[in-house]
Colleague: 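If you scroll down you'll find the structure; I have some questions about it.
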Amino acid sequence: MDVVTTETILESISDGVFTVDLDWYISSFNRAAEQITGIKREEAIGLRCSEVFKSNMCEHQCPLAKTLSSGEPIINQTGFIVDLSGKRVPISISTALLKDSDGKIIGGAETFRDLSELEQLRKLRARSRFGEMASNSPAMQEVLAMLPVVAQSPSTVLVLGESGTGKEVLARTLHQSSRQKNGPFIAINCGALPDSLLESELFGYRKGAFTGADKDKAGRFALAQNGTLFLDEIGDISPAMQVKLLRVLQEQEYEPLGAVKSEKTNARIICATNRDLEKLVVEGSFRQDLYYRIHIIAISIPPLRDRREDIPLLADEFLQRFALLNNKSISAFAPEVFARFYAYRWPGNVRELENVVERAVVLCSSETIGERDLPTEIVQDSQGPEGRVQQVSAASGTGLDVRDARREAEKVCIIDALKHNRFNVTAAAAELGLHRATLYRKIKDLSIVVHDQMSQ
Amino acid sequence: MKVAITVWKDRVAPVFDVAGSCIIGETLGYGHPLQEQQVVSLPVLSIQNKVALLVSMGVSFLVCGALSQECELQVVSQDIELFSFIAGDINDVVSAWGNGSLAEQRYSMPGCGCPRHRRRQARRGCQNGFGHNR
């Protein structure tokens with residue numbers, strides 16, 4: 001085949017093709033490559049391929065480098081490139097050696113395909129989708145139906161749901177569909193910071209406000225100007241902070257620490273909590289006026305156990321993402337894995353499912369994730385309550401009364417969660433659906449010695 | 001103040017999202033030379049961990065190659081001023097930081113004309129070219 005014919009064919013195909021010499025400089029670049037990367041041939045030729053292609057594989061998993069060192073072609077390795085607007089474009093890559101007429105290796109050829117449309121089709125499989133939120137579950141339809149309307153409104157939103165249900169994902173989705181979508185999305189976990197730190201984080205401070213304040217610092221309200229401020233774990237803030245927050249929400253103005261005049265904020269506020277705010281109001285630990293100020297539009301996300309229809313959809317999305325990140329060509333779950341997923345109670349909700357899939361992708365050495373890639377608690381727990389009882393009985397002997405059995409079961413669950421999370425109490429509390437303070441209390445009540453457990 | 005410049009094979013790393021190391025140095029700001037440079041390994045798989053590491057090291061400026069919108073949001077929301085889509089030999093880029101010439105076309109990734117160099121910081125959004133508003 002002569003050179004003209006080869007060039008005509010390369011120009012007519014929809015796959016991007018470029019070739020490099022042995023120093024990684026681009027020597028040819030076809031029309032489809034221009035379209036997918038957004039870079040013109042004249043600019044690309046003569047430059048380093050990594051700076052033109054900008055793929056996640058360049059630095060660590062370059063398929064062309066593997067081909068040049070082994071002589072073997074690589075077929076359909078998946079990854080992404082970053083285009084000029086910062087969008088991640090999913091691609092699959094195949095490589096081959098480039099030889100001259102004498103059979104001498106003069107470089108490599110890379111063919112790549114834009115998988116964006118396939119990705120879109122995969123997303124359309126979800127019966128309902130709004131931004132990053134997708135669901136096939138009737139329990140989520142009400143939530144998904146109200147999101148487009150709520151997103152367009154400037155009103156404060158309260159997102160309720162157990163830990164790990166995706167409250168921040170929902171907040172981010174609302175922001176991305178709102179009028180302030182070009183502004184920043186700023187998130188802060190109010191439960192993670194003591195009062196004084198939370199105040200300076202939220203409102204910022206002026207130089208000289210306290211010892212060590214050697215320059216002005218903008219708070220989260222200032223950073224969220226023209227955008228959205230997400231206040232996570234709003235139910236955990238102290239009464240003093242509640243008063244300060246109430247003032248900002250009512251007046252749309254606040255005073256940075258050490259400032260002499262107020263500053264205005266136009267940030268849209270989205271609050272979230274996994275606690276029962278109404279109960280906290282009755283108990284007197286959450287101000288009623290603040291509750292009514294933030295409880296304008298409440299969105300309650302059901303736990304994963306109440307929308308098991310979504311497990312395949314979510315698991316599939318996580319699989320695609322982690323396979324891409326880990327450069328693995330894992331395409332499916334074995335049927336028994338879904339059986340385990342359906343039977344498990346998912347105390348850590350969607351976050352737990354995400355972590356389980358990530359772990360499975362890392363451990364999996366074949367193209368299909370099997371039962372062997374799942375953590376033991378999923379396999380044990382999905383054997384049903386009997387499995388747990390047997391585990392408790394075996395650990396403690398027989399003849400337990402109901403209260404003791406419950407304590408033992410609780411102890412087993414907590415130790416499991418702690419081990420699973422490398423004794424990170426915050427993460428274990430999230431997995432168990434408990435508040436961190438509650439988990440500390442239970443660890444003390446049940447005489448669980450965390451340090452001894454760590455050394456085992 | 002500190003500036004981090006992602007590095008791979010003696011050049012600015014092509015994609016910040018998966019960059020494995022960076023040079024961190026003390027600076028008085030853009031247009032001032034880097035002092036006390038050190039090479040630091042970065043987490044590769046997690047954007048959050050990568051940005052958290054930069055924050056924990058007190059980084060105020062980040063110079064990098066291409067980066068995804070997800071990464072950009074994370075970086076800017078942490079009050080780190082961003083100089084993205086930069087390419088070039090690492091020594092040249094360090095010098096260009098010191099003399100304030102990163103806006104020159106030769107430090108742009110292909111396809112990013114000079115005015116499209118992206119310099120972003122929280123609350124100020126995109127600025128066309130470098131050295132404006134200074």
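Below, chains carry the letters A, B, ... as their sequence lines are ordered, and counting in each starts from 1.
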Colleague: So which of A:Glu59, A:Lys54, A:Arg48, A:Lys87 has the largest heavy-atom pair count under 4.5 angstrom toward chain B?
Modeller: A:Glu59
Colleague: Using a 6.0 Å cut-off, check whether atom CG of B:Asn99 has over 12 heavy atoms from anything other than its own residue.
Modeller: yes
Colleague: Could you look at A:Asn226 and say if it's the side chain, the backbone, both or neither that has a heavy atom under 4.5 Å from chain B?
Modeller: neither
Colleague: Does NZ or CZ of A:Lys167 fall inside the cone over A:Phe230's six-membered ring, less than 6.0 Å from its centre and within 45° of the axis?
Modeller: no
Colleague: Less than 4.5 Å to any heavy atom of chain B: does that hold for the side chain of A:Ser55, its backbone, both, or neither?
Modeller: backbone
Colleague: So which residue, B:Gly20, B:Cys71, B:Gly65, ends up with the most heavy-atom pairs under 4.5 Å with chain A?
Modeller: B:Gly20
Colleague: Salt-bridged, B:Lys9 to A:Glu51, with N to O below 4.0 Å?
Modeller: no
Colleague: Relative to the ring of A:Phe203, is the ring of A:Phe221 parallel (under 30°), tilted (30 to 60°) or perpendicular (over 60°)?
Modeller: parallel
